[in-house]
Amino acid sequence: MTWFYLVIAGIFEVVWATTMKLSHGFSQLGYSLATLIGMSLSFGFLALATKHLPLSIAYPVWTGIGAVGSIIIGVTLFHDQLSPATWIFVGLLVISILGIKLTS
């Protein structure tokens with residue numbers, strides 16, 4: 001369950017980052033509230049995960065899931081443009097996250 005909590009925390013990190021962008025500087029009430037709810041859930045699930053996982057494992061995986069997820073949302077929803085070199089580093093980030101999971 002611990003790793004499940006960590007993945008859910010990472011997904012909610014993507015949610016709050018996305019809704020924060022959509023809130024246009026917290027000027028849109030609905031997206032602003034969604035951001036706060038997403039943050040609360042993300043931090044809550046991270047707290048559950050760190051009950052049984054070391055912080056040195058949980059935190060980089062959580063931020064890595066958030067980073068990769070935010071990149072995917074940025075490209076698909078907001079039409080962000082990434083260079084091929086950037087995609088290589090995104091791939092390395094995914095490999096790093098998996099490596100941390102496999103070796104912990």
Find out if a path of hydrophobic residues (ILVMFWY) with successive side-chain heavy-atom gaps under 4.5 Å connects [X] to [Y].
{"X": "L22", "Y": "I71", "value": "no"}
{"X": "I57", "Y": "V68", "value": "yes"}
{"X": "V90", "Y": "V14", "value": "no"}
{"X": "L48", "Y": "F4", "value": "yes"}
{"X": "Y31", "Y": "M20", "value": "no"}

Distance from [X] atom [atom1] to [Y] atom [atom2], nearest 0.5 Å?
{"X": "K21", "Y": "T18", "atom1": "NZ", "atom2": "OG1", "value": "10.0 Å"}
{"X": "L46", "Y": "T63", "atom1": "CG", "atom2": "OG1", "value": "9.5 Å"}
{"X": "F45", "Y": "S40", "atom1": "CZ", "atom2": "OG", "value": "11.5 Å"}
{"X": "L77", "Y": "S70", "atom1": "CG", "atom2": "OG", "value": "11.5 Å"}

If we only count heavy atoms from C-beta on, is the W3 to V61 side-chain gap below 4.5 Å?
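Of all side-chain heavy-atom pairs linking V61 with W3, at least one is under 4.5 Å.
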
Beyond-backbone contact of L6 with W62, side-chain heavy atoms, under 4.5 angstrom
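The answer is yes; the side chains approach within 4.5 Å.
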
Heavy atoms from other residues, nucleotides or ligands near CZ of F26 exceed 12 (cutoff 6.0 Å):
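Atom CZ in F26 is crowded, with more than 12 foreign heavy atoms closer than 6.0 Å.
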
In this structure, are over 12 heavy atoms from other groups packed under 6.0 Å from F89 atom CZ?
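No, CZ of F89 has 12 or fewer neighbouring heavy atoms, counting only those of other groups under 6.0 Å.
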
Return the minimal non-hydrogen interatomic distance between P60 and L55, and the atom names on each side.
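Shortest heavy-atom contact: CD-O, 3.7 Å.
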
Could you walk me through whether W16 and L41 satisfy the side chain to side chain contact (heavy atoms under 4.5 Å, CB included) test, starting with their C-alpha distance in whole Å, then the side-chain angles of each, then the deciding distance to 0.1 Å, before giving a yes or no?
CA-CA 9 Å; W16 75 254; L41 290 169; over 6 Å; no

For T35 and S32, test the side chains for any donor-to-acceptor distance below 3.5 angstrom and give the result as yes or no.
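There is no such pair (donor and acceptor under 3.5 Å, judged by atom type) between the side chains of T35 and S32.
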
Between T86 (side chain only) and L82 (backbone N and O only), is there a donor and an acceptor less than 3.5 Å apart?
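Not confirmed, T86 side chain does not pair with L82 backbone.
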
Between S42 and F12, is there a donor-acceptor pair closer than 3.5 Å when you use the side chain of the first and the backbone of the second?
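Such a contact is absent between S42 side chain and F12 backbone.
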
What side-chain donor-acceptor pairs closer than 3.5 Å can you find for residues 92-104, not counting sequence neighbours?
from, atom 1, to, atom 2, distance (Å)
S96, OG, L92, O, 2.8
T103, OG1, G99, O, 2.8
S104, OG, I100, O, 3.1
S104, OG, K101, O, 3.3

